[in-house]
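Accompanying notes for the structure given below.
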Amino acid sequence: MNPDRLVIMDETAIRRALTRIAHEILEKNKGVGDSIMIGIRTRGIYFANRIAERIREIEGVPLPVGELDITSYRDDRVRVNAVGGAQTLKAPDIQDKRVILCDDVLFTGRTVRAAMDALIDLGRPRMIQLAVLVDRGHRELPIRPDYVGKNVPTSRLEQIEVRLNEVDRKDEVVIIQQRG
């Protein structure tokens with residue numbers, strides 16, 4: 001066993017977290033009318049699809065799912081053309097909808113801020129809520145998730161890797177201790 005790598009969520013834990021988040025979304029919003037799930041590329045898209053599927057299984061109601069590429073909105077890369085970024089959403093119209101933004105890991109909050117900038121450029125949602133599979137802390141911006149699969153306090157020397165079957169052929173969340 002590698003002491004520098006620890007599985008903190010297996011396939012069963014991820015499935016349970018997704019089911020719990022789906023129930024929390026339904027309870028908090030009293031259903032999913034006028035709602036849309038938006039996944040942040042890459043793993044956030046699969047996370048959003050899985051939650052939408054759980055909601056469909058529970059309520060019998062399909063929930064539209066879109067995907068968002070925030071590359072041109074990131075503040076840690078040179079902005080090429082923010083207007084071109086407006087083409088980054090593959091989803092139905094978000095105007096006056098409750099948008100449930102989904103990502104795999106919440107860390108500093110900068111990815112979520114970029115995603116909100118991209119969404120606002122595309123329309124005015126009635127509300128934006130945030131669902132994450134893992135919240136690892138270390139926020140640099142005042143961003144707090146509405147729905148969390150697992151809170152994992154980490155050091156800056158650790159990394160969290162989310163592996164999903166759709167991309168990685170395995171469902172697990174791993175914490176990796178960097179040697180330093």
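Position 1 is the first residue of the sequence; numbering continues from there.
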Requested in this report: Would you mind listing every salt bridge (charged side-chain N to carboxylate O under 4.0 Å, His left out) that reaches into residues 21-31, with sequence neighbours excluded?
Outcome: R20-E24, K28-D146
Requested in this report: Measure across A114 and I70 and return the closest heavy-atom pair with its distance rounded to 0.1 Å.
Outcome: CB-CD1, 3.9 Å
Requested in this report: Establish whether V162 and V7 are linked, either directly or via other cluster members, by ILVMFWY side-chain heavy-atom contacts under 4.5 Å.
Outcome: no
Query raised in the report: Taking all atoms of both residues into account, what is the closest heavy-atom pair of P64 and S35, and its distance?
Result: CD-O, 3.6 Å
Query raised in the report: CD/E172 to CD1/I14 distance, rounded to the nearest 0.5 angstrom?
Result: 7.5 Å
Report task. Apply the test side-chain contact (heavy atoms from CB on, under 4.5 Å) to residues K90 and R41: give CA-CA distance (whole Å), side-chain angles for both, the deciding distance (0.1 Å), then the verdict. Result -> CA-CA 11 Å; K90 294 179 184 172; R41 190 173 287 157; 3.7 Å; yes
Query raised in the report: At what distance, to the nearest 0.5 angstrom, does CD1 of I51 lie from OH of Y147?
Result: 10.0 Å
Requested in this report: Check whether any side-chain heavy atom of V65 sits under 4.5 Å from a side-chain heavy atom of I36, and report yes or no.
Outcome: no
Query raised in the report: When rounded to the nearest 0.5 angstrom, what distance separates CD in E140 from CG in D75?
Result: 8.5 Å
Query - V132 to F47 - nearest heavy-atom pair and separation - result: C-CZ, 3.6 Å
Query raised in the report: Around atom CZ of R156, are there more than 12 heavy atoms of other residues, nucleotides or ligands at under 6.0 Å?
Result: yes
Query raised in the report: Between atom CD1 of I58 and atom OG1 of T19, what is the distance when rounded to the nearest 0.5 Å?
Result: 6.5 Å
Query raised in the report: Can you find a pair of side-chain heavy atoms, one from D135 and one from F107, that are under 4.5 Å apart?
Result: no
Report task. Indicate yes or no: at least one non-hydrogen side-chain atom of I45 is less than 4.5 angstrom from one of I40. Result -> no
Report task. Looking only at non-hydrogen atoms, find the nearest pair between A115 and L101 and report the distance. Result -> CB-CD2, 3.7 Å
Report task. Establish whether V105 and M37 are linked, either directly or via other cluster members, by ILVMFWY side-chain heavy-atom contacts under 4.5 Å. Result -> yes
Report task. Could you tell me whether the side chain of I160 reaches within less than 4.5 Å of the side chain of T154, counting heavy atoms only? Result -> yes
Query raised in the report: Yes or no on side-chain hydrogen bond (donor to acceptor under 3.5 Å, both in side chains) for R74 and T111, after CA distance, side-chain angles and deciding distance?
Result: CA-CA 7 Å; R74 294 188 57 107; T111 297; 3.3 Å; yes
Query raised in the report: Got L130 and V112 here, is their nearest side-chain heavy-atom distance under 4.5 Å?
Result: yes
Query raised in the report: Are any non-hydrogen side-chain atoms of V173 and R163 less than 4.5 angstrom apart?
Result: no
**Report entry** T108 side, atom OG1; H138 side, atom NE2 - distance, nearest 0.5 Å
**Finding:** 10.5 Å
Query - Donor-acceptor pair, side chain of Q95 and main chain of G123, under 3.5 angstrom - result: no
Report summary line: So salt bridge (charged side-chain N to carboxylate O under 4.0 Å, His left out) across residues 96-108, not counting sequence neighbours, yields none
Requested in this report: I would like to know whether L157 and Q177 meet side-chain contact (heavy atoms from CB on, under 4.5 Å); could you show each step before the answer?
Outcome: CA-CA 6 Å; L157 294 177; Q177 176 68 42; 3.8 Å; yes
Query raised in the report: Is the side chain of N29 donor-acceptor paired with the backbone N or O of V32 at a distance under 3.5 Å, no angle test?
Result: no
Query raised in the report: Less than 4.5 Å apart, any side-chain heavy atom of D34 and any of R126?
Result: yes
Query - Atom pair CZ/CG of R16 and D10 - distance to nearest 0.5 Å - result: 8.0 Å
**Report entry** Derivation and outcome, side-chain contact (heavy atoms from CB on, under 4.5 Å), residues L133 and M9
**Finding:** CA-CA 10 Å; L133 183 58; M9 292 180 84; 4.1 Å; yes
Report summary line: side-chain hydrogen bond (donor to acceptor under 3.5 Å, both in side chains) pairs touching residues 43-53, sequence neighbours excluded, are R43-D168, R50-E166, R50-D171, E53-R56
**Report entry** Nearest non-hydrogen partners of I55 and A22, listed with the distance
**Finding:** CG1-CB, 3.8 Å
Query raised in the report: How about V99 and L119: do any of their side-chain heavy atoms sit closer than 4.5 Å?
Result: yes
Query raised in the report: Is the side chain of R136 donor-acceptor paired with the backbone N or O of E158 at a distance under 3.5 Å, no angle test?
Result: yes
Query raised in the report: side-chain contact (heavy atoms from CB on, under 4.5 Å) between Q159 and V174: does it pass, once the steps are laid out?
Result: CA-CA 8 Å; Q159 281 185 307; V174 177; over 6 Å; no
Report task. Please check if I21 and M127 belong to a single hydrophobic cluster, counting links between Ile, Leu, Val, Met, Phe, Trp and Tyr side chain heavy atoms closer than 4.5 Å. Result -> no
Requested in this report: Tell me whether I176 is reachable from L106 by hopping between hydrophobic residues (I, L, V, M, F, W, Y) whose side-chain heavy atoms are closer than 4.5 Å.
Outcome: no
**Report entry** Verdict with reasoning, R169 to E11, per salt bridge (Lys or Arg N to Asp or Glu O under 4.0 Å)
**Finding:** CA-CA 11 Å; R169 297 179 188 227; E11 181 178 357; over 6 Å; no
